[in-house]
Structure formats: structure tokens, C-alpha cells
Amino acid sequence: MLDETIATPLYEQLKEKLKNEIAEGRLKPGEKLLPEVELAQKYEVSVITVRRATNELRNEGLLEKRQGKGTFVAMAKYPKDLNQILSFTEASKLIGAVPSAKVLASELMIPGNDILEQLELPPGSQTVYISRLRLLDNNPMVIENNYFSIQYSFLLEENLNDHSLFQILKEKRGIQISKSKRTIEICRATMQEASYLQVSKNSPLLLVHGVVYGNNDKIVYVGNQIINGEKYKLHV
């Protein structure tokens, strides 16, 4: 129950109470709040008071409203700077998170001509395809799908679970990733992608296409990252 005898407005009191519940873990990231009417009954205030308090918490990024579903405690978002040429492992450690990886596919394959053109390879060329699920603090964040020319077939023998691809390229072949060209668009999660990223099918995701270069501006690989945008804050 809130205190009507003090000078602080009721909506401010409720706002601070909800803030404390989030900070203390009584309201957890991703948890759904009670409907406005039930919150009003619980704290013995008006619906208008509840609405004003929760609106301000949404403006501060602590709550988020999902159309047709209700109001939820916002998930923590990890910063990702697309201007930096860093491996997922390096970028994760910079923000104090623990990176890990799970190989989804590691094989030889002939991709579509669009991929081969970007790799500057003739039609019908075989490539090394590596797909991995990347996690931060054991939370699934990104699906990486990368294509390499056949000269990188040694990667098929490497342990790419929980190891940095950039580091392996540097140690095994002296390749230092130097730059990339990227485009960003929105896509919808397929059933398989949704399963890996623990989201609903057709959820909006960020799709980042990239051509990645190494020593002497030579193309190292072409690929894409399918990113759960609800867990990332991108800087471009």
C-alpha cells in the first residue's frame, strides 16, 4: 500500500516501488506485469496512477509494452558497436559478458550464386560453410552463417565450440581481420531460428549481411548474422 500522507505523488511512489522490485529481482527481466486494473487494486491506487507510473518506467527503458500481450520488465540489452572490427568473443569480454558458441553446421557446400559472387568465385564452386549459435552469459543471441573459399577447409577440423574464429584464423594462417562491409535489414524468425534464439516464430530479428576482409584487403568470408534485436543495442 502506498502512503497518501506524504508529499510525494502516488505515481512517483509506485514508480519507485516497481523500480525497487526490478532492482531486487522480485520482478525479473521478461516477466509480465499484472494488468493495470489488478496493479491498481494491489497498490490501492487509481488506474490513472498505475498508467502514469508504468509509462514513465517505459520511457526510462525499464518496462516495455508488447502489442496485444501486455507490459513486461525489459530485458537487459548488450551494447554492440558495428563500427568496431572485433570478434564476438572480444566484443563480449569488453562489456563483461561470458561468450560461448555451439556449432550448428560445419561442412562443404555449393551455395547460391549471390554468395559465390561476393566471394569472387565462379558458379558451382564448393565452399566451407560454418554456422554457429553465439551466446552471452548462456543466453542465445546470434546465429552466424559464414561461407569461406575451399582454401579454408582446415576450419572443418577445428573445434569452433567456445573458440574465437578470428583467433583461430590468426594463429593457424596469420590472418588478421581488418575490415568489413555490412548491410542491416529486418527479417522474421523461421521455426528453426526461433528455436535456437528462444523467440516466437515470425518474431522480428536483425539480419546483418557482411563481407569480411583480412590481410591485403583479401576476402576471408561472406556471411550473415541473425540477431535477437531485443537483447542488443546496436551502435552504427
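- A donor-acceptor contact shorter than 3.5 Å links the side chain of Gln13 to the backbone of Thr8.
- Grouping the Ile, Leu, Val, Met, Phe, Trp and Tyr side chains by contacts below 4.5 angstrom, directly or via other members, places Tyr213 apart from Phe148.
- Under a cut-off of 6.0 angstrom, the local environment of CD1 in Ile48 is sparse, with at most 12 non-hydrogen atoms contributed by other residues, nucleotides or ligands.
- Atom CD of Gln126 has more than 12 neighbouring heavy atoms from other residues, nucleotides or ligands inside a 6.0 Å radius.
- Of the possible donor and acceptor atoms, none in the side chain of Glu12 sits under 3.5 Å from a partner among the backbone N and O of Pro9.
- Looking only at side-chain heavy atoms (C-beta outward), Val128 and Leu108 come within less than 4.5 Å of each other.
- Side chains of Ile22 and Leu63 form a contact here, defined as non-hydrogen atoms less than 4.5 Å apart.
- Nearest heavy-atom pair, Leu14 versus Thr49, reported as atom, atom and distance to 0.1 Å: CD2-O, 4.3 Å.
- What you find for Pro123 and Leu116 is that their closest heavy atoms are CA-CD1, 3.9 Å.
- When all heavy atoms of Asn146 and Gly223 are compared, the closest pair comes out as OD1-CA, 3.6 Å.
- With hydrophobic clusters built from ILVMFWY side chains whose heavy atoms lie under 4.5 angstrom apart, Leu33 does not share a cluster with Val37.
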Could you pull out every donor-acceptor pair under 3.5 Å between side chains of residues 197-206 and any protein atom, sequence neighbours left out?
residue: Ser203; atom: OG; partner: Ser200; partner atom: N; Å: 3.3
residue: Ser203; atom: OG; partner: Ser200; partner atom: O; Å: 2.7

After noting the C-alpha distance and the side-chain angles of Ile177 and Lys170, does the key distance pass the side-chain contact (heavy atoms from CB on, under 4.5 Å) rule?
CA-CA 8 Å; Ile177 301 301; Lys170 184 177 180 180; over 6 Å; no
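- In this structure, CG in Leu119 is found 11.5 Å from OH in Tyr221, a value given to the nearest 0.5 Å.
- Nearest heavy atom pair, residue Ser178 against residue Gly214, reads OG-O, 3.1 Å.
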Could you go step by step and tell me if Ile227 and Met141 meet the side-chain contact (heavy atoms from CB on, under 4.5 Å) rule?
CA-CA 6 Å; Ile227 300 173; Met141 304 293 286; over 6 Å; no
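- Residues Ile184 and Leu207 fail the side-chain proximity criterion, which asks for heavy atoms closer than 4.5 Å.
- Scanning both residues, Tyr129 and Asn145, for their nearest heavy atoms gives OH-OD1, 3.1 Å.
- Counting heavy atoms from C-beta on, the side chains of Tyr43 and Leu18 come closer than 4.5 Å.
- Atom NZ of residue Lys102 and atom CG of residue Asp162 lie 11.5 Å apart, to the nearest 0.5 angstrom.
- Here the side chains of Lys28 and Val73 are not in contact, with every heavy-atom distance at 4.5 Å or above.
- Residue Val212 is grouped with residue Ile175 when hydrophobic side chains (ILVMFWY) are merged at heavy-atom distances under 4.5 angstrom, including chains of intermediate members.
- At distances below 3.5 Å, not a single donor-acceptor pair connects side-chain atoms of Glu56 with backbone N or O atoms of Arg52.
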Check the pair Arg132, Leu165 against side-chain contact (heavy atoms from CB on, under 4.5 Å), reporting the backbone distance first and the verdict last.
CA-CA 10 Å; Arg132 295 192 297 171; Leu165 177 62; 3.5 Å; yes
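- Distance check: Asn215 CG to Leu169 CG gives 10.0 Å after rounding to the nearest 0.5 Å.
- Remark: Leu10 CG to Glu44 CD distance equals 11.0 Å, nearest 0.5 Å.
- Closest approach of Pro111 and Ser125 over heavy atoms only: CD-O, 3.7 Å.
- Rounding to the nearest 0.5 angstrom, the gap separating the CD1 atom in Ile110 from the CD1 atom in Ile115 is 14.0 Å.
- Atom-to-atom distance recorded for Asn224:CG and Glu185:CD is 9.5 Å, nearest 0.5 angstrom.
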Please step through side-chain contact (heavy atoms from CB on, under 4.5 Å) for the pair Glu60 and Lys19, ending with a clear verdict.
CA-CA 10 Å; Glu60 294 178 16; Lys19 261 188 175 181; 3.0 Å; yes
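- Counting heavy atoms from C-beta outward, Lys69 and Lys32 have side chains that stay 4.5 Å or more apart.
- Under the 3.5 Å distance criterion, the side-chain polar atoms of Asp137 are matched with a main-chain donor or acceptor of Val98.
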Give every donor-acceptor pair under 3.5 Å between a side-chain atom in residues 149-161 and any protein atom, sequence neighbours left out.
residue: Ser149; atom: OG; partner: Gln151; partner atom: OE1; Å: 3.4
residue: Ser153; atom: OG; partner: Ile150; partner atom: O; Å: 3.3
residue: Asn159; atom: OD1; partner: Asn161; partner atom: N; Å: 3.1
residue: Asn161; atom: OD1; partner: Val103; partner atom: N; Å: 2.8

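- Cluster membership for Ile143 and Tyr147, using ILVMFWY side-chain heavy atoms within less than 4.5 angstrom, is not shared.
- Tyr11 is not connected to Val47 by any chain of hydrophobic side-chain contacts under 4.5 Å among Ile, Leu, Val, Met, Phe, Trp and Tyr, and they are in different clusters.
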